[in-house]
Amino acid sequence: MKFRFMSIFLVLLLSFAISITAFGKTNITFMVWGNIFEIQAYQKMVDKFNQSQKDIFVSLQSTSWGAYFQTLQNRIAANNAPDVFVMDGAYFDNFAKEGVFYNLTNLMKSVNLNEYYFEPTVCEYNGIVYGAPKDITIGGILYYNKNLFDKAGLSYPNWDWTWQDWLDAAKKLTNIDANKWGMYIPTYGEGGLYQIIWEAGGDILNSSKTQFTLTNPDTLKGLQFMYDVRYKYYVNPSESYMQGLSDPFMTGNFGTVLGISSSIVGYKSLPFKWGIAPIPKGPAGRYMSINQLSYVVSAQSKNIQADWEFIKFLIGPEGQKIMAENGQAIPALKSVVPVYFDNFPQASGLLDILNRSNEDPSILRDIPFTLSWYEWENMLESTLEYAWTNTMSPERAASIAQQSCQKILDRALK
Amino acid sequence: MKKSKLITLIAFVIILIGAIPMILPFVWMVSTSFKSLSDTMVFPPDFFPKTIRWENYTELFSLVPIKDWFLNSIFLSVMNSIGVIVSSSLVAFGFVALNFKLKDFLFTLLLVTMMIPFEAVMIPQYILFNFFGWINTLYPLWVPSFFGAAYMIFFVRQFFKTISTSYIDAAKVDGANYWQIFYKIFIPLSYPVLVTVGLLTFINTWNYFLGPLIYLNTPSKMTIVSGLSFLSGQALGYWNYIMAGSTLAILPVIVLFLIAQKWIISGIELQGGIK
């Protein structure tokens, strides 16, 4: 028995020694999700980094979006987590609470966060920094179809637009017989639901993020607006009509569609002209959302110093520039943001929104990520669906959503 | 005579109606594979592409390592078929020809494993294969088949049971050992069922989606069916390319099925060994 233990130990020691002397490089693994184009861009970043390094070698591992979190959980359970990986706000808090991430607080002190869009909701948990900012996504921006606006003789949406202007234009753009619609407000949080609620003066959660505020009168005003455009003014198709439409704006049948900035990639070769405007101003002001992905280091990693060198590259000007040039995502490093828009001249309206937000940061609000966010967001969408299909009034749907979501959050916070 | 023609006609119409919902998705897939990306998003959808876009197919080859995916799929399907045929027929033979303690209990236990969904054993399996150092290799996707597949063991055993035990007795009298009984009597009598098992395994492996996604994390190591998931992202799916890839992916299976159709049918007809 003793001999067996010793021999295993020796083999391990030997293999360790070989891996150090023979290759002389610290190998770290970097896991991402993405489609083939996104993975190619990541590969470029990794190659560039590897060329610049004598002692570190990064190998890229990738999965598709649908398999990413399952694979990650398996690997963490098998004590084989990737050293550096990309993280999404939906799961960030839960992973942080489980102790999956390495504490980056001290290392991040060397980074000047003023140069970055930095979202604590996706990089911090309980005041500890676990993530480095990768990119940003702006939610609740107004995509508009210039062809349809020109045909109706309307002027394009601008910063003066209010909900009323929006509604007036939508009425003129809508022609149900010709299957043309004035607007579409998505019913998922980041796409339009949160922003409309904020603009009505309401909110999803209270400020300590422990209680839902879905039945509060201002929140209901926002939900009522989303209901009215569907069933009072008939400028927004009913949710049953929307079934099976993966991206309404791409159909060319919609004058204005609220959405998130990551959709731009697919709009590059649309057969009609389009632009981006800020969300029209609501009774309580103008609010869009800012969301982000982050780079994190696994708590299981053995080479923190190498991981950090790599992260510094990823969030530095070089790494951010490669990401932006490939049109993959809007970089978190503010000075590199214009590079992204060189690819997408039609999206200049979004650059305008970002520039204005630098003067007035209050127009961009955080996504209300909490523990088990993905669970209650799902519940929120499916319960409010009762209102969007006109099976219930917005008030009733909201009170059901309030109860069901609160149950999930209470369980998560316990 | 007239009456039977009428019945045939009615049967034909019923079958035709039943065939429409089955053939529609297939037609939709082929039609979408010739559309441009923006045409795939048109609503209400066009059933046929406005202009035929052959480039989807040629571009697919430069976009993704589809040749590697095909080779991986073929390798895995062939290895799994061989593995399942060899292991399942051996185990099934054991359950039929040998008598040992707890035989029925073990067989029940085997059947029970069929009822555990993959999702339930996924993490323990992953930990095991990680311990072997098999992550991001094809091993976890074919080696297990050499250790038997519960459903196929059951399938082969049911067939073996129809072979009369007098064969075994006669062979024993002639001095044959169990190994000889297995490959000189049982295997030749069971070609149709073994081909069916191999074919079903081939098709199952070809279409296996989740496993490759879990165990492989380099695009070039993927199989054709799982690899296509790299064409759809969080925000956007390149449906025209996905459908072009899917059309290519099912071709080998269709060809194989057409070739082997005869065998599958005779596999059902030829039950038994003694007249």
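Scope of the values below: all heavy atoms of this structure, side chains included, with no hydrogens, waters or symmetry mates. Every chain is numbered from 1 and lettered A, B, ... according to where its sequence line falls, protein lines coming before strand lines.
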In this structure, are over 12 heavy atoms from other groups packed under 6.0 Å from [X] atom [atom1]?
X	atom1	result
B:Tyr57	OH	yes
A:Lys146	NZ	yes
B:Phe26	CZ	no
B:Tyr151	OH	no
B:Trp239	CH2	no
B:Phe105	CZ	no

What residue, out of [options], has the most heavy-atom pairs lying under 4.5 Å from chain B?
options	value
A:Trp33, A:Tyr267, A:Phe37	A:Phe37
A:Val265, A:Asn74, A:Thr251	A:Asn74
A:Asp247, A:Asn253, A:Asn80	A:Asn80
A:Leu270, A:Asn179, A:Asp88	A:Asn179

Inset, instruction - Using non-hydrogen atoms and a 4.5 Å limit, figure out which bit of B:Phe129 sits close to chain A: side chain, backbone, both or neither. - result: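 B:Phe129 has no heavy atom closer than 4.5 Å to chain A.
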Legend entry - Which portion of B:Leu210 sits near chain A, non-hydrogen atoms under 4.5 angstrom: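 Neither; nothing under 4.5 Å.
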Would you say the side chain of [Y] lies within less than 4.5 Å of the side chain of [X], judging by non-hydrogen atoms?
X	Y	result
B:Tyr241	A:Ile36	no
B:Ser232	A:Asn35	no
B:Ile214	A:Gln70	yes

Legend entry - Selection from B:Tyr238, B:Phe131, B:Tyr126 maximising heavy-atom pairs under 4.5 Å formed with chain A: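 Top count of heavy-atom pairs under 4.5 Å with chain A: B:Tyr126.
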Inset, instruction - Can you see which heavy atom on B:Leu213 is nearest to which on A:Thr71, and at what distance? - result: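 So the two residues come closest at O-OG1, 3.7 Å.
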Inset, instruction - Sort A:Ile39 into side chain, backbone, both or neither according to what part of it lies under 4.5 angstrom from a heavy atom of chain B. - result: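 The side chain, not the backbone.
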Inset, instruction - Examine whether an atom of A:Gln40 lies under 4.5 Å from a heavy atom of chain B, and if so say whether it belongs to the side chain, the backbone or both; otherwise answer neither. - result: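 For A:Gln40, the contact with chain B is made by the side chain alone.
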Legend entry - Distance (rounded to the nearest 0.5 Å) between A:Arg75 CZ and B:Ile123 CD1: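 Here the interatomic distance stands at 13.5 Å.
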Inset, instruction - Measure the spacing between OG of A:Ser64 and CG of B:Asn217 and express it to the nearest 0.5 Å. - result: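 So the gap between those two atoms works out to 11.5 Å.
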Inset, instruction - With sequence neighbours left out, write down each residue that passes side chain to side chain donor-acceptor pair (under 3.5 Å) with B:Thr32, or none if nothing qualifies. - result: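 For B:Thr32 there are no side chain to side chain donor-acceptor pair (under 3.5 Å) partners, ignoring immediate neighbours.
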Legend entry - Backbone of A:Ala78 reached by a side-chain donor or acceptor of B:Asn130 within 3.5 Å: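 It does hold such a pair.
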